[in-house]
Amino acid sequence: MREGTKMKISVYSLLLTSGLLLAGCQSRQPDSASCQVGSAMKQTQLWFGLSKPDGQSISTQQWQHFVDQVITPAFPQGLSVVEARGQWLGNDGVRVSENSRGVLLIYPASKEKSHAIDLIRTRYQQLFAQESVMRIDQPVCVAF
């Protein structure tokens with residue numbers, strides 16, 4: 001085989017492999033027909049740190065007030081809160097270990113709900129001087 005032919009085959013193989021890998025990474029929102037059980041919905045996890053930059057902690061009362069006044073009105077159908085301990089690397093390069101809360105939301109996917117989630121994240125960052133609130137979205141099939 002000539003050198004030019006080998007190069008063309010190698011480039012083609014690389015492009016084909018890359019395309020297949022990327023196609024496998026794309027997640028599709030399941031539709032009701034693809035759910036074996038339940039309905040197609042969206043699941044979002046939000047992760048909130050409970051330490052302020054000044055060293056103080058966000059109290060249980062402050063956290064609950066935030067849930068009651070900000071999250072619950074946007075998701076009145078329900079949510080779950082998980083207590084956790086996490087660590088992350090701050091923008092300043094310092095590793096932070098802190099208590100945290102996870103919030104699990106399950107809802108029919110819509111631009112309005114996605115926007116509401118971003119507003120929750122922004123409000124928390126503003127109220128408690130946080131660098132970020134992590135958001136994880138997944139398509140799910142849900143049965144109640």
Side-chain angles (χ1 to χ4, degrees), residues 3 6-144:
E3 190 64 34
K6 285 183 185 177
M7 181 62 118
K8 286 180 185 174
I9 291 172
S10 294
V11 169
Y12 177 74
S13 297
L14 179 64
L15 290 173
L16 179 62
T17 303
S18 297
L20 291 173
L21 288 173
L22 289 174
C25 291
Q26 293 176 353
S27 66
R28 290 184 26 230
Q29 177 70 23
D31 58 21
S32 294
S34 68
C35 289
Q36 298 279 329
V37 175
S39 302
M41 299 186 93
K42 189 101 172 204
Q43 172 181 293
T44 297
Q45 296 176 48
L46 298 175
W47 292 95
F48 301 85
L50 297 178
S51 298
K52 295 180 186 179
D54 65 6
Q56 294 183 353
S57 293
I58 297 163
S59 71
T60 302
Q61 293 79 15
Q62 289 173 310
W63 167 255
Q64 192 58 54
H65 183 75
F66 181 80
V67 170
D68 294 343
Q69 298 301 310
V70 180
I71 303 176
T72 299
F75 291 88
Q77 301 84 0
L79 56 102
S80 296
V81 176
V82 178
E83 291 188 24
R85 178 114 183 120
Q87 69 178 33
W88 56 282
L89 191 59
N91 290 335
D92 59 2
V94 175
R95 179 165 286 116
V96 177
S97 179
E98 65 182 328
N99 290 325
S100 57
R101 296 288 183 272
V103 172
L104 178 65
L105 304 167
I106 296 176
Y107 54 95
S110 72
K111 287 182 182 179
E112 294 78 18
K113 287 295 186 186
S114 182
H115 181 67
I117 291 168
D118 283 337
L119 289 175
I120 290 167
R121 295 170 66 216
T122 298
R123 187 72 182 128
Y124 192 80
Q125 288 173 284
Q126 292 168 343
L127 285 173
F128 302 112
Q130 300 292 295
E131 284 184 21
S132 66
V133 172
M134 184 167 61
R135 176 180 177 168
I136 304 168
D137 293 316
Q138 294 177 290
V140 293
C141 296
V142 179
F144 292 98

**Q.** Verdict with supporting geometry, Gln45 and Gln138, side-chain contact (heavy atoms from CB on, under 4.5 Å)
**A.** CA-CA 9 Å; Gln45 296 176 48; Gln138 294 177 290; 4.0 Å; yes
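- Of the possible donor and acceptor atoms, none in the side chain of Tyr107 sits under 3.5 Å from a partner among the backbone N and O of Ser114.
- For the pair Ser100 and Gly86, the tightest heavy-atom approach, listed with the atom from each and the gap, is OG-N, 4.0 Å.
- Here the CH2-CE distance, from Trp88 to Met134, works out to 11.5 Å after rounding to the nearest 0.5 Å.
- The closest side-chain heavy-atom distance from Ile117 to Leu46 is below 4.5 Å.
- Among all heavy-atom pairs drawn from Pro73 and Val67, the shortest one is CD-O, 4.3 Å.
- Nearest heavy atoms, Leu105 versus Gly78: CD2-O, 4.5 Å.
- Residue Ala40 comes nearest to Cys35 through the heavy atom pair N-SG, 3.6 Å, listed as atom of the first residue, atom of the second, then distance.
- Between Ala143 and Gly38 the shortest heavy-atom distance is CB-CA, 3.8 Å.
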(Q) Between Trp63 and Val81, does the side-chain contact (heavy atoms from CB on, under 4.5 Å) criterion hold? Intermediate values first, please. (A) CA-CA 11 Å; Trp63 167 255; Val81 176; 3.9 Å; yes
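- Here the side chain of Gln43 pairs no donor or acceptor atom with the backbone of Val140 at under 3.5 angstrom.
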Q.
Could you go through Val70 and Tyr124, starting from their C-alpha distance and side-chain angles, then the distance that decides it, and tell me whether this counts as side-chain contact (heavy atoms from CB on, under 4.5 Å)?
A. CA-CA 9 Å; Val70 180; Tyr124 192 80; over 6 Å; no
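- Of all heavy-atom pairs between Lys52 and Ser57, the closest is CE-O, 4.5 Å.
- Here the CD atom belonging to Gln125 is positioned 6.5 Å from the CZ atom belonging to Arg121, to the nearest 0.5 angstrom.
- A donor-acceptor pair is defined here as one N or O able to donate and one able to accept, closer than 3.5 Å; no such pair exists between the side chain of Glu83 and the backbone of Arg101.
- The environment of CZ in Arg95 is sparse: at most 12 heavy-atom neighbours from other residues, nucleotides or ligands sit within 6.0 Å.
- The side-chain heavy atoms of Ile120 and Phe75, taken from C-beta on, include a pair separated by under 4.5 Å.
- Residue Ile58 holds its CD1 atom at 13.5 Å from CD of Gln64, rounded to the nearest 0.5 Å.
- Note that CD of Gln77 is 9.0 Å distant from CZ of Phe144, once rounded to the nearest 0.5 Å.
- For Thr44 (side chain) and Asp137 (main-chain N/O), no donor-acceptor pair under 3.5 Å exists by modelled atom type.
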Q.
Applying side-chain contact (heavy atoms from CB on, under 4.5 Å) to Arg123 and Gln69, what does each step give before you reach the verdict?
A. CA-CA 11 Å; Arg123 187 72 182 128; Gln69 298 301 310; over 6 Å; no
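- Exactly one of Lys113, Lys111, Arg135 qualifies for a salt bridge (Lys or Arg N to Asp or Glu O under 4.0 Å) with Asp118. That residue is Arg135.
- For Gln130 (side chain) and Phe128 (main-chain N/O), a donor-acceptor pair under 3.5 Å exists by modelled atom type.
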